Protein chains: 2
Amino acid sequence: MVEEQKSTEELIFNAALSVFQRKGLAGARMQEIADEAGINKSMLHYYFRSKELLFRQVFLMSFKQFSASIIPLLNQPVSWEEKIPLVAGHYISSMQKNPDLPLFIINELRHHPDEFVNIVTHNGIRDTLFISQLKEGIEKGEIRKIQPIQVMVSIISETVFPFIARPMLMHMTKLLDTNWDTFIENRKEIISEMLIKYLKEF
Amino acid sequence: MVEEQKSTEELIFNAALSVFQRKGLAGARMQEIADEAGINKSMLHYYFRSKELLFRQVFLMSFKQFSASIIPLLNQPVSWEEKIPLVAGHYISSMQKNPDLPLFIINELRHHPDEFVNIVTHNGIRDTLFISQLKEGIEKGEIRKIQPIQVMVSIISETVFPFIARPMLMHMTKLLDTNWDTFIENRKEIISEMLIKYLKEF
DNA sequence: ACATTTGTCAACCAAATGGTTGAACTTAAT
DNA sequence: ATTAAGTTCAACCATTTGGTTGACAAATGT
């Protein structure tokens, strides 16, 4: 077991990542980040100048983390049909690991519309093998005529939304905490089967 | 044209509704609410005691607004098959009218997990005709064996998520602003057809 | 060994922000 | 008309919060 001693800058950044993702820009407190990092508040300014600068870096990293991690999977050399459950599974397990990430991004992107838009590198999912496969399928007449992007949006919506809206949905549906895991487990199959059936049979 | 003169309390509440829904509890400023209401800041405390109390009322109203408005539609006497596009349409037009509402609820419910949970009246969608219709269809073997709640969650996910995550999705998919309206227009049909096909053909 | 740079912190500062007060004004009751 | 209650606001107040300072310690270079 290697005793990993992280630099102060890393300690701060990790703490900032955690606090900002949990509380958002407006709700986060510099003092709380310092406390979670276990260092003096002055250090935050020593390394990152201001709350806004620190937030910028956190946001950039978070956005990359969320949007980039899916790309390799979309480019994997398996058929689009096999890929759909893989992608759905990716998002679901991603949500289980880091449940605050997408809501954080959605929120901050909404609250500062054009501020961060230009910063983020466009690494779209448009140029991936998955999209090409769908396009090809459409051209060959094997898949229903539909924008491939709609398929991606459906997968993301169906997988990510239940997690971010979990408390709201549980109220509305009177779903119980104890049933959540099986609910999600069932969901994986439903999503894939529904999409594949829709695309293939028309 | 009747000159509608609203009471100060109404002016404040409406302004609070707007500001809180846009900025959230942490991001909202009492002064901003006062400005938007066109009255002195003291009035906020005169009528609502504190920021938290004002927020409580705003949140309660917002939650009711979002979760209750769907119930009558779910109880309407049309077949489940016809109802699906109606419900999808309801959520989409609801999002177009008030794009901040669901994200606001999702957020605040997440940030104050148990605080507001008890306040909100459970007016679940479980006891609606729509759910009964699905159950009945399942029993008769006309519909695939699936929890009816999954259907509701799918409709909400597929309709609401694209709106709240719009900036994020537009980045990831390189979708353009000019294509948004047609994207959503296409989506209505896709969602309904996909769900109905999945439920009926198995 | 010495000087210079880098890192760390307690104490402090200024602005923002939720909240209070007391006086003035309006409305309703007697 | 007079009183009492309700309403409105400018000026204040106390706390929170992002940010700074200056002294001091730990490396780093020569």
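Chain letters run A, B, ... following the sequence lines, proteins first and then strands; every chain starts at 1. Heavy-atom basis, side chains included; hydrogens, waters and symmetry copies ignored. Everything numeric here is computed off the predicted structure, so don't read it as measured data.
- Whole-Å rounding puts the Gln31(B) CD to dG19(C) P distance at 13 Å.
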Q | Base-pair map of DNA chain D as dot-bracket, where | denotes pairing with a different strand and pairs are Watson-Crick or G-U under 3.5 Å | A | ||||||||||||||||||||||||||||||
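- For the pair Met30(B) CE and dG18(C) P, the computed distance is 7 Å after rounding to whole Å.
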Under 3.5 Å, N/O pairs linking protein and nucleotides 7-10 of chain D:
unit_1  : atom_1 : unit_2   : atom_2 : d
dT7(D)  : OP2    : Tyr46(B) : OH     : 3.3
dT8(D)  : OP1    : Thr8(B)  : OG1    : 2.7
dT8(D)  : OP2    : Thr8(B)  : OG1    : 3.2
dT8(D)  : OP2    : Tyr47(B) : OH     : 2.8
dC9(D)  : OP2    : Asn40(B) : N      : 3.2
dA10(D) : OP2    : Asn40(B) : ND2    : 3.2
dA10(D) : N7     : Asn40(B) : ND2    : 3.3
dA10(D) : N6     : Ser42(B) : OG     : 2.5

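- Between Arg110(B) and Ile164(A), the closest heavy-atom pair is NH1-O, 3.7 Å.
- Remark: P of dT17(D) and CG of Leu54(A) are 16 Å apart, rounded to the nearest angstrom.
- The base of dG19(D) sits within donor-acceptor range of the side chain of Lys41(A), with an N or O pair under 3.5 Å.
- Side-chain contact between Phe20(B) and Glu108(B): absent, with no pair of heavy atoms (C-beta onward) separated by less than 4.5 Å.
- Going from atom CZ of Phe48(A) over to atom P of dG18(D) covers 16 Å, rounded to whole Å.
- Between Phe63(A) and His171(B), the ring planes are perpendicular. Angles over 60° get that label, and only those under 30° would be called parallel.
- One can place CZ of Arg49(B) at 16 Å from C1' of dT21(C), the figure rounded to the nearest angstrom.
- In terms of modelled atom types and a separation under 3.5 Å, the side chain of Lys51(A) and the main chain of Leu25(A) share a donor-acceptor contact.
- At a threshold of 4.0 angstrom between heavy atoms, the contacts of Ala28(A) are confined to the sugar-phosphate backbone, with no base atom among them.
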Q: I would like to know whether Glu158(B) and Ser154(A) meet side-chain hydrogen bond (donor to acceptor under 3.5 Å, both in side chains); could you show each step before the answer?
A: CA-CA 6 Å; Glu158(B) 293 264 17; Ser154(A) 279; 2.8 Å; yes
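- The number of heavy-atom neighbours closer than 6.0 Å to NZ of Lys197(B), taken from other residues, nucleotides and ligands shown, is above 12.
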Q) Can you check side-chain hydrogen bond (donor to acceptor under 3.5 Å, both in side chains) on Arg187(A) and Thr159(A), steps first, answer last? A) CA-CA 8 Å; Arg187(A) 199 148 182 78; Thr159(A) 51; over 6 Å; no
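- When the P atom of dT20(C) is taken as reference, atom CG of Leu44(B) falls 12 Å away, rounded to whole Å.
- Contact detail for Ser192(B) and Pro85(B): the closest heavy-atom pair is OG-CA, 3.2 Å.
- For the pair Arg29(B) and dA16(C), the criterion of a side-chain N or O lying under 4.0 Å from OP1 or OP2 is not met.
- Environment of CD in Glu189(B): sparse, with no more than 12 heavy atoms of neighbouring residues, nucleotides or ligands closer than 6.0 Å.
- Whole-Å rounding puts the Glu32(A) CD to dG18(D) C1' distance at 15 Å.
- Taking atom NE2 of His45(A) as the reference point, atom P of dA11(C) lies 19 Å away to the nearest angstrom.
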